[in-house]
Amino acid sequence: MEFKGAMGGIYRLTEWITRLAATNLLWAICSSPFLFFLIMKLLVMQQNLANESLQMNWAIAIVAPLTLFPATSALFTVVRKWNMGDTDVPIFRTFFVGYKENYKQSLIGGIFYTVLFAIMYLDYTVYMTQFRNMQLVGIIMLVLLLLLFVSLFNFFSMVVHYHMSIGLIIKNAVLLTLIRPFRVFSTLLGSGLLFYIGFRYPVLFVFFIISIIAWFAFFNFYATFTKMQEQMEKMQQKKEEEEAAQNGDGVETIGDVKASDVKNDNLQK
């Protein structure tokens, strides 16, 4: 039965609330070891316990690639379906199929990003606290940290959208972040606003904030991907027309992003 008017709007709103909450809860459960150590880190920081804080840093760095990154890839698997029009996809099954299929790439990418984050954050802290006359370097490191953070969204989007090696995924995630500054700014601004709301109302982190951020990040990525595909198709068509004019026959070309590289949607509803 399909509702219309105000009742239809309320029904669709409750559907989306349920989808976002269910997906967010699955992510929180699968990321629970990381979230536990993160909360402990915040607690020991409030009490100025330096040794315990350092121990929490090590624990976070160890569990993040094992839990946070695969869970976030699974979350992006679901929001990818939503962005591509498959809003009625079974959330539980889609989440855990994505978790299983992308676990290895998420783990390897998680190790890479965790090590890079740790090194850059350490450099930022040292330059800002120990070398007062070199705080400009610390500011540069902070900017690079923000760019690395945004590239994470492209990384997760590419993991669930492409059949590529992990090296190519990381490389293209960073490059896409650098060549699309508007998308970088909008993703960063939107994520920052949602994080601010989440810190004001922490319960929203459990039910909505992370899934909304993931949806928005993949929306930005998919819009960029679609635009680049259209540009490549136009370039390819123009090249074929030029070759046809010169040789009297068109030549088939293959773009940098092949259709076979894009993951197909073979999950049953």
Side-chain angles (χ1 to χ4, degrees), residues 23 26-27 30 64-66 68-87 89-91 93-116 147-184 186-188 191 210-211 213-236 252-269:
T23 310
L26 286 173
W27 176 87
C30 294
L66 297 171
L68 176 66
F69 278 78
T72 307
S73 292
L75 172 63
F76 270 74
T77 302
V78 179
V79 299
R80 171 182 179 265
K81 296 281 190 177
W82 294 345
N83 273 282
M84 298 183 74
D86 194 359
T87 55
V89 65
I91 292 174
R93 181 174 182 270
T94 305
F95 185 94
F96 283 104
V97 168
Y99 189 97
K100 180 181 178 181
E101 288 183 347
N102 301 312
Y103 187 87
K104 183 178 179 180
Q105 287 188 323
S106 301
L107 173 63
I108 298 172
I111 294 172
F112 172 82
Y113 271 99
T114 300
V115 171
L116 205 55
L147 289 174
L148 188 66
F149 173 73
V150 177
S151 75
L152 266 176
F153 296 131
N154 290 327
F155 167 78
F156 288 120
S157 298
M158 288 185 173
V159 165
V160 302
H161 197 62
Y162 291 120
H163 286 294
M164 286 185 180
S165 66
I166 186 61
L168 279 176
I169 288 176
I170 294 174
K171 175 184 175 181
N172 290 327
V174 174
L175 287 176
L176 188 60
T177 304
L178 296 176
I179 65 177
R180 295 291 177 177
F182 174 76
R183 293 294 179 182
V184 170
S186 60
T187 301
L188 191 60
S191 301
I210 303 301
S211 55
I213 290 175
W215 181 90
F216 178 65
F218 191 88
F219 172 83
N220 260 347
F221 164 81
Y222 192 61
T224 302
F225 164 78
T226 303
K227 186 175 181 179
M228 292 177 67
Q229 282 287 92
E230 291 175 353
Q231 292 174 347
M232 288 170 56
E233 289 173 0
K234 289 180 180 179
M235 291 174 61
Q236 181 177 336
E252 182 179 0
T253 59
I254 301 176
D256 292 332
V257 181
K258 302 175 184 177
S260 58
D261 287 336
V262 180
K263 293 188 176 179
N264 55 8
D265 298 318
N266 55 4
L267 294 175
Q268 297 179 353
K269 292 185 179 181

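- Taking both residues in full, the closest heavy atoms of S151 and A173 are given as O-CB, 3.8 Å, listed atom of the first, atom of the second, then distance.
- Every residue was checked against the side-chain hydrogen bond (donor to acceptor under 3.5 Å, both in side chains) condition with S157, not counting sequence neighbours, and none meets it.
- The line from CD1 of I169 to CE of M164 is 7.0 Å long, rounded to the nearest 0.5 Å.
- The side-chain contact (heavy atoms from CB on, under 4.5 Å) check on S73 picks up N102, S106, F156, V159, with sequence neighbours excluded.
- A search for side-chain contact (heavy atoms from CB on, under 4.5 Å) contacts involving T87 returns W16, R19, not counting sequence neighbours.
- Scanning for ring pair (Phe, Tyr, Trp, His ring centres under 6.0 Å) contacts around F95 gives an empty result, with sequence neighbours left out.
- Applying the side chain to side chain donor-acceptor pair (under 3.5 Å) definition to pairs two or more places apart or across chains, those involving residues 168-178 are N154-T177.
- Remark: F219 engages W215 in a ring pair (Phe, Tyr, Trp, His ring centres under 6.0 Å) (not counting sequence neighbours).
- A distance of 5.5 Å separates OG1 of T224 from CG of L176, quoted to the nearest 0.5 Å.
- With sequence neighbours left out, A71 forms a side-chain contact (heavy atoms from CB on, under 4.5 Å) with W27, C30, S31, Y99.
- T72 contributes atom OG1, which lies 10.5 Å from atom CD1 of I213 (distance to the nearest 0.5 angstrom).
- With sequence neighbours excluded, the residues satisfying side-chain contact (heavy atoms from CB on, under 4.5 Å) with K104 are I108.
- Of the possible polar contacts, none joining the Y113 side chain to the F149 backbone as a donor-acceptor pair under 3.5 Å is found.
- Applying the ring pair (Phe, Tyr, Trp, His ring centres under 6.0 Å) criterion to F112, with sequence neighbours excluded, gives no partner residue.
- The ring-ring contact (aromatic ring centres under 6.0 Å, His included) test with H161 is passed by exactly one of F76, F155, Y222: Y222.
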- Task: For F225 and Y162, run ring-ring contact (aromatic ring centres under 6.0 Å, His included): C-alpha distance rounded to whole Å, both residues' side-chain angles, the deciding distance at 0.1 Å, then the answer.
- Result: CA-CA 11 Å; F225 164 78; Y162 291 120; 5.7 Å; yes

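- Atom CE of residue M158 and atom CD1 of residue I170 lie 11.5 Å apart, to the nearest 0.5 angstrom.
- Listed by chain and number, the residues in a side-chain hydrogen bond (donor to acceptor under 3.5 Å, both in side chains) with S186 are N220 (sequence neighbours excluded).
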